[in-house]
Structure formats: structure tokens, C-alpha cells
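What you see is a predicted model; the values in this text were computed from it and never measured. No hydrogens, no waters, no symmetry mates; every other heavy atom, side chains included, goes into these values.
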Amino acid sequence: MNTENNDSIELLKECDAGTKMAISSLDDVLDYVSDPNMKQALTESKSHHDTLKDEITDQLIRRNSEEKEPNPLAKSMSWLKANIKMELDGSDAAIADLITDGCDMGIKSLHRYLNQYRAADHETTDLCNRLIVIEEQLRQTMQVYL
């Protein structure tokens with residue numbers, strides 16, 4: 001397997017895990033949101049993540065590769081943090097804080113993977129950059145609720 005193909009597959013896998021983590025995190029908090037505009041923004045972002053996840057899955061299948069699940073420990077810690085925070089302070093500001101932190105971690109990780117898998121093809125880096133934009137837009141939207 002050449003470096004470009006290998007880097008493309010690895011970057012796709014990381015993006016796959018990232019979209020799944022984002023969707024799961026959004027699902028964890030959506031029921032707690034009281035502001036209808038915030039709920040709509042989170043629901044729309046989840047839809048954007050779902051659409052991109054489907055494109056990533058299609059690319060992985062086309063390349064005869066398997067999907068990647070988020071790290072179970074990271075997913076468990078995220079779920080635990082969200083549920084504890086919601087029990088202590090289920091306000092929209094607390095949710096915005098959680099989502100903003102998640103976006104920051106996702107953006108940082110995606111940039112790290114782009115640098116790590118530099119030989120990935122344009123189509124794959126484009127998908128990754130689109131995911132970064134979705135995360136940046138969500139982070140920006142949440143700022144008014146902090």
C-alpha cells in the first residue's frame with residue numbers, strides 16, 4: 001500500500017471516529033437544552049456531522065477499509081463528564097461550555113491528524129477540513145450561550 005493511500009485511510013478513520021464522537025456528544029446533551037434556538041443549532045450541527053460521517057463511511061468502503069469507533073475510554077469519559085455536569089448544572093451555558101470544549105478538542109485533534117497524515121489525498125483532506133469547519137461553526141454558535 002502506498003503512503004498516500006495509507007495516509008488517506010488513516011485520516012479517514014480518524015475523521016470517522018471524530019464524527020461519531022461529536023454525534024454521540026450532541027445526543028448526550030440535546031435533551032437538556034431549553035433554548036429553542038440553541039437546540040436547533042445543535043440539531044443542525046448533528047445533521048451536518050451525520051452527512052459528513054456518511055461520506056467518510058462511503059470513502060472507507062470504497063477503499064476497502066473498516067470504520068473506526070471512538071476510543072471507548074474517551075467516549076466514556078465524555079459521557080460521564082456530560083452527565084455529571086448536567087446533574088450539577090443543566091443550564092444552557094453549561095451545555096455550551098461542554099460543546100465548546102468538545103469542539104476545541106476535535107479541532108486540535110483534526111489538525112494534528114492532518115499534519116500526521118500529510119500524504120493523504122486531496123479528497124480526504126477536503127473531508128477533514130470540512131469537519132473542522134463544522135466544528136468551528138458550532139464552537140462559534142455556542143459562544144453566545146456561554
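Side-chain atoms of D89 never come within 3.5 Å of backbone atoms of A94 as a donor-acceptor pair (strictly under, hydrogens ignored).
Side-chain contact between M142 and L42 is present, with heavy atoms from C-beta onward closer than 4.5 Å. In this structure the side chain of E14 never reaches within 4.5 angstrom of the side chain of L110, judged on heavy atoms. In this structure, the side chains of Q40 and E44 come closer than 4.5 Å at one or more pairs of heavy atoms. Between Y145 and I95 the shortest side-chain heavy-atom distance does not fall below 4.5 Å. For the pair C15/I56, a side-chain contact is recorded, criterion being any heavy-atom separation below 4.5 Å from C-beta on.
Applying the side chain to side chain contact (heavy atoms under 4.5 Å, CB included) criterion to S65, with sequence neighbours excluded, gives I9, K13, L60. Residues passing the side chain to side chain contact (heavy atoms under 4.5 Å, CB included) test with D28 are S24, W79, A82, sequence neighbours excluded. Here Y32 pairs with nothing under the side-chain hydrogen bond (donor to acceptor under 3.5 Å, both in side chains) rule; sequence neighbours left out. Taking the side-chain hydrogen bond (donor to acceptor under 3.5 Å, both in side chains) definition, one finds that K46 meets it with D27, sequence neighbours left out. With sequence neighbours excluded, the residues satisfying salt bridge (Lys or Arg N to Asp or Glu O under 4.0 Å) with E69 are K20. Every residue two or more places apart in sequence or in another chain was checked for a side-chain hydrogen bond (donor to acceptor under 3.5 Å, both in side chains) with Q140, and none qualifies. For T124, the side-chain hydrogen bond (donor to acceptor under 3.5 Å, both in side chains) test picks out R63, D121, with sequence neighbours left out. Not a single salt bridge (Lys or Arg N to Asp or Glu O under 4.0 Å) links K39 to another residue, sequence neighbours left out. With sequence neighbours left out, the salt bridge (Lys or Arg N to Asp or Glu O under 4.0 Å) criterion links D97 to K85.
One distance of note links CG of L138 with CG of L26; it measures 6.0 Å at 0.5 Å rounding. Going from atom CG of D16 over to atom CG of L11 covers 11.0 Å, rounded to the nearest 0.5 Å. In this structure, the separation between OG on S45 and CD on E135 is 6.5 Å, given to the nearest 0.5 Å. Atoms CE and CG, from M38 and L30 in turn, are 9.0 Å apart once rounded to the nearest 0.5 Å. In this structure, E136 CD and N129 CG are separated by 9.0 Å, a value rounded to the nearest 0.5 Å. Atom-to-atom distance recorded for Q59:CD and D54:CG is 12.5 Å, nearest 0.5 angstrom.
Heavy atoms of other residues, nucleotides or ligands lying less than 6.0 angstrom from CD of E66 number 12 at most.
Salt bridge R62/E123: present, at least one basic N to carboxylate O contact under 4.0 Å.
Residues V144 and T141 share a closest heavy-atom pair of CG2-O, 3.4 Å. Of all non-hydrogen atoms in D7 and R118, the two that sit nearest each other are OD2-N, 3.6 Å. Here the closest heavy-atom approach between residue S8 and residue A120 is recorded as OG-CA, 3.3 Å.
Tracing side-chain contacts under 4.5 Å through hydrophobic residues (I, L, V, M, F, W, Y), one reaches L114 starting from L131; they form part of the same cluster. Hydrophobic clustering (side-chain heavy atoms under 4.5 Å, transitive across Ile, Leu, Val, Met, Phe, Trp, Tyr) keeps Y113 apart from M21.
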Could you go through residues 98-109 and list every donor-acceptor pair under 3.5 Å that involves a side-chain atom there, pairing it with any protein atom two or more places apart or in another chain?
| residue | atom | partner | partner atom | Å |
| --- | --- | --- | --- | --- |
| T100 | OG1 | A96 | O | 2.7 |
| D104 | OD1 | R139 | NH1 | 2.9 |
| S109 | OG | M105 | O | 3.0 |

